[in-house]
Amino acid sequence: MKPPSNPKNGHVLGKHLKKHGWPAVSQAQREQWAMQFRQHRRNQNDGAVRERLSEQMQPLLQIKRQDDKLELDELTVVCEPGSSLDQRSRKPRERFLQFLASPTFQAFLEKTGFKALGSEFRLSEGDLQIRDHIGYWIPLKRTFEDEVWKVYSGGTEKEKIAAHKMEKDLTDLMYLGKKTGDALYSSRTYDVRQALAFYALDVPQTVDQLSAMLGWFNLKLPQAPLAGNYASLTPYGPTPGALSASAMDVLKDASGKVMNLLKAFFELTSGFRDFPDADSTLAAFFDAPALIDVAEKIARSINLYAVSDGQSLPRADRVQLLATVLKFSIDAPVPGLPGTVAGYDLYQPANLGRTLKEVRSDVEKQLESKGAGVKVSALMAHLFLAQSAPEMLIKQDPAVPDDTAKVLNQDPENIKVGSAGWINMRLASAVAGDRRLNFTQAMAVARQAPAGPTRKN
């Protein structure tokens, strides 16, 4: 149901609802809302885990010396039942408990004397461990491998089959543990090292790396743009949600009409500075009443999921759809190859040492040669670069005066391809996942110190 556009329409809608009641909500729509709600809750829970990790690691900077071992696997962290790590660990933990309760493994514990130590186990960084009564984790893998070898050397055929199965089951569990931070507990327990490996993809080994990790954890990025990189319908490579070949044909057929509407909507000339806020400019076009109707018709003609049950097309989906239609008006493959726009290679050797403004100008000319009008080539360049080279859409920090930005080389359009500033902008865009950062924010992100051996390498 669409909200009323004015008080008169609101009165009419109110009378209609009193007489006919609220429209029925389809099961598919209910399922979609439920999925979105679960995703929202999971994001909230994951955010809570990250904040908790930051709070727990901060005191270590005060009590640990530079050469001290951090021993992060000795510190536990609470993970809510709805968090990604907890959900990912449920089925592997069930298999782990089945393994621990198996007669073959229980016989191993009995024979080696470990059964008297306790009943809490974990897999951690490729080792099987048991927790003793004092609280120390005792490694079992070496003893486990020795006992299996003894069975292979002198056991009965039945014992060998059982030992082989137990060995294979443990190997499979180790593999599953790799997906839960390279650790898996027999109880609903998680340690800091594991959570960092899962959420941060790296684990600090030194105090300096720990300090850098906290910098990453405390880094606050601006809100992502509504349309992301204008690429959800045309990702690089096969991805769920991408358009089918038949749907692409429909969008190509509609692209001429939408492009003509764009040209009519703007009576402006091309140029790097003509659209200082291209996202807002495009949003104004995509929100025009005529474009809303066009988008609805296109969405229904390709059976887009968002309108599959008669619902109105959400604004974010409308922006993505219309942006994609506009891309199909260009005589070039969509999305094309990464790092290219309409066949133009952004990172070709000839562009080394050229400013982003100069490269952007070439992109606009390339789009004009492929069917984009001069009036709209700058906007079309924005749509394509958002996916292929988001670093080229990083804006100048509005808090920095223009003359200061030029003196300090903080004006993104004057950054040269191949320079340290350009590399930092590319890195920051990759971290952010889109073009949301301004230049100052991009430099702050790119200059974060490595938070572990993986990032350092």
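Arg122 forms no cation-pi arrangement with Phe96, by the criterion of a distance under 6.0 Å to the ring centre and an angle within 45° of the ring axis.
Within the model, atoms CG of Leu383 and OG1 of Thr324 stand 9.0 Å from one another, a figure rounded to the nearest 0.5 Å. Between atom CG of residue Asp73 and atom OG1 of residue Thr76 there is a gap of 11.5 Å, rounded to the nearest 0.5 Å. Rounded to the nearest 0.5 angstrom, Gln410 CD and Asn414 CG are separated by 12.0 Å. Interatomic distance, Thr180 OG1 to Gln194 CD, rounded to the nearest 0.5 Å: 5.5 Å. Leu291 contributes atom CG, which lies 10.5 Å from atom CG of Leu321 (distance to the nearest 0.5 angstrom). Put simply, CG on Leu196 and CD on Gln56 are 9.5 Å apart, with the number rounded to the nearest 0.5 Å.
Judged by distance alone, the side chain of Ser211 and the main-chain N or O of Asp208 form no donor-acceptor pair under 3.5 Å. Remark: side-chain polar atoms of Ser429 are not paired, donor with acceptor, to backbone N or O of Arg426 under 3.5 angstrom. Looking at Gln205, its side chain does come within 3.5 Å of a backbone N or O of Val203 through a donor-acceptor pair. Side chain of Arg93 to main chain of Ser187: a donor-acceptor pair is present (N/O by atom type, distance under 3.5 Å, no hydrogens or angles). Checking side-chain atoms of Ser89 against main-chain N and O of Leu85 turns up a donor-acceptor pair under 3.5 Å. Between the side chain of Ser244 and the backbone N or O of Ala247, at least one donor-acceptor pair lies under 3.5 Å. Between the side chain of Ser54 and the backbone N or O of Glu51, no donor-acceptor pair lies under 3.5 Å. Looking only at distances, a side-chain donor or acceptor of Gln387 sits under 3.5 Å from a matching main-chain atom of Thr234. Proximity of a side-chain donor or acceptor of Arg318 to a complementary backbone N or O of Phe286 within less than 3.5 Å is detected. Checking side-chain atoms of Glu358 against main-chain N and O of Thr355 turns up a donor-acceptor pair under 3.5 Å.
Nearest heavy-atom pair across Ser186 and Leu97 is O-CD2, 3.4 Å. The heavy-atom pair separating Ala432 from Arg436 by the smallest distance is O-NH2, 3.2 Å. In plain terms, the two heavy atoms of Val192 and Met57 that are nearest each other are CG1-CG, 4.3 Å. Heavy-atom minimum distance, Leu123 versus Leu128: CD2-CD1, 3.6 Å. Shown here for Leu379 and Ala278, the closest heavy-atom pair between the two residues is CD2-CB, 4.1 Å. Pairing each heavy atom of Pro92 with each of Leu184, the nearest pair is O-CD2, 3.6 Å.
Taking 4.5 Å as the limit, some side-chain heavy atom of Trp422 sits within range of a side-chain heavy atom of Leu356. At a threshold of 4.5 Å between non-hydrogen side-chain atoms, the residues Glu74 and Asp191 do not count as touching. Between Leu262 and Leu326 there is a side-chain heavy-atom pair separated by less than 4.5 Å. Ile423 has its side chain out of reach of Ser419: every pair of non-hydrogen atoms, C-beta onward, lies at least 4.5 Å apart. Residues Leu346 and Ser388 have side chains in contact (heavy-atom distance under 4.5 Å, counting atoms from C-beta outward).
Asp402 and Gln396 share a side-chain donor-acceptor pair at under 3.5 Å. Remark: the Tyr230 side chain and the Asp279 side chain contain an N/O donor-acceptor pair separated by less than 3.5 Å. Under 3.5 Å, the side chains of Gln320 and Ser232 contain a donor-acceptor pair of N or O atoms. Side-chain atoms of Asp46 and Ser84 form a donor-acceptor pair, as typed in the model, at a separation below 3.5 Å. A side-chain N or O of Asn351 and one of Arg354 form a donor-acceptor pair less than 3.5 Å apart. Under 3.5 Å, the side chains of Asn45 and Ser83 contain no donor-acceptor pair of N or O atoms.
Salt bridge absent: Lys64 and Asp68 never bring a charged side-chain N and a carboxylate O closer than 4.0 Å. Looking at Asp403 and Lys406, no side-chain N of the basic residue comes within less than 4.0 Å of a carboxylate O on the acidic one, giving no salt bridge. Electrostatic pairing of Asp169 and Arg95 does not count as a salt bridge here, judged by no charged N lying under 4.0 Å from a carboxylate O. A salt bridge is absent between Lys297 and Asp293; no separation between the charged side-chain nitrogens and carboxylate oxygens falls under 4.0 Å. Salt-bridge check for Lys375 with Glu368: failed, with every basic side-chain N at 4.0 Å or more from each acidic carboxylate O. Residues Glu71 and Arg193 are not paired through a salt bridge, judged by the lack of any N-O separation under 4.0 Å between the basic side chain and the carboxylate. Using a 4.0 Å cut-off between charged nitrogen and carboxylate oxygen, Arg300 and Glu296 count as a salt-bridge pair. In summary, Arg65 and Asp67 do not engage in a salt bridge, as defined by a charged side-chain N under 4.0 Å from a carboxylate O.
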Test log, rule salt bridge (Lys or Arg N to Asp or Glu O under 4.0 Å), inputs Arg42 and Glu80 | CA-CA 9 Å; Arg42 184 163 59 250; Glu80 285 80 359; over 6 Å; no

Which is it for Tyr185 and Trp137 under the ring pair (Phe, Tyr, Trp, His ring centres under 6.0 Å) test, yes or no, and what are the steps along the way?
-> CA-CA 12 Å; Tyr185 284 76; Trp137 287 101; 5.7 Å; yes

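Taking a 6.0 Å sphere around NZ of Lys365, one finds it holds 12 or fewer heavy atoms contributed by other residues, nucleotides or ligands. For Arg88, the CZ atom is loosely surrounded, since the number of other residues' heavy atoms within 6.0 Å does not exceed 12.
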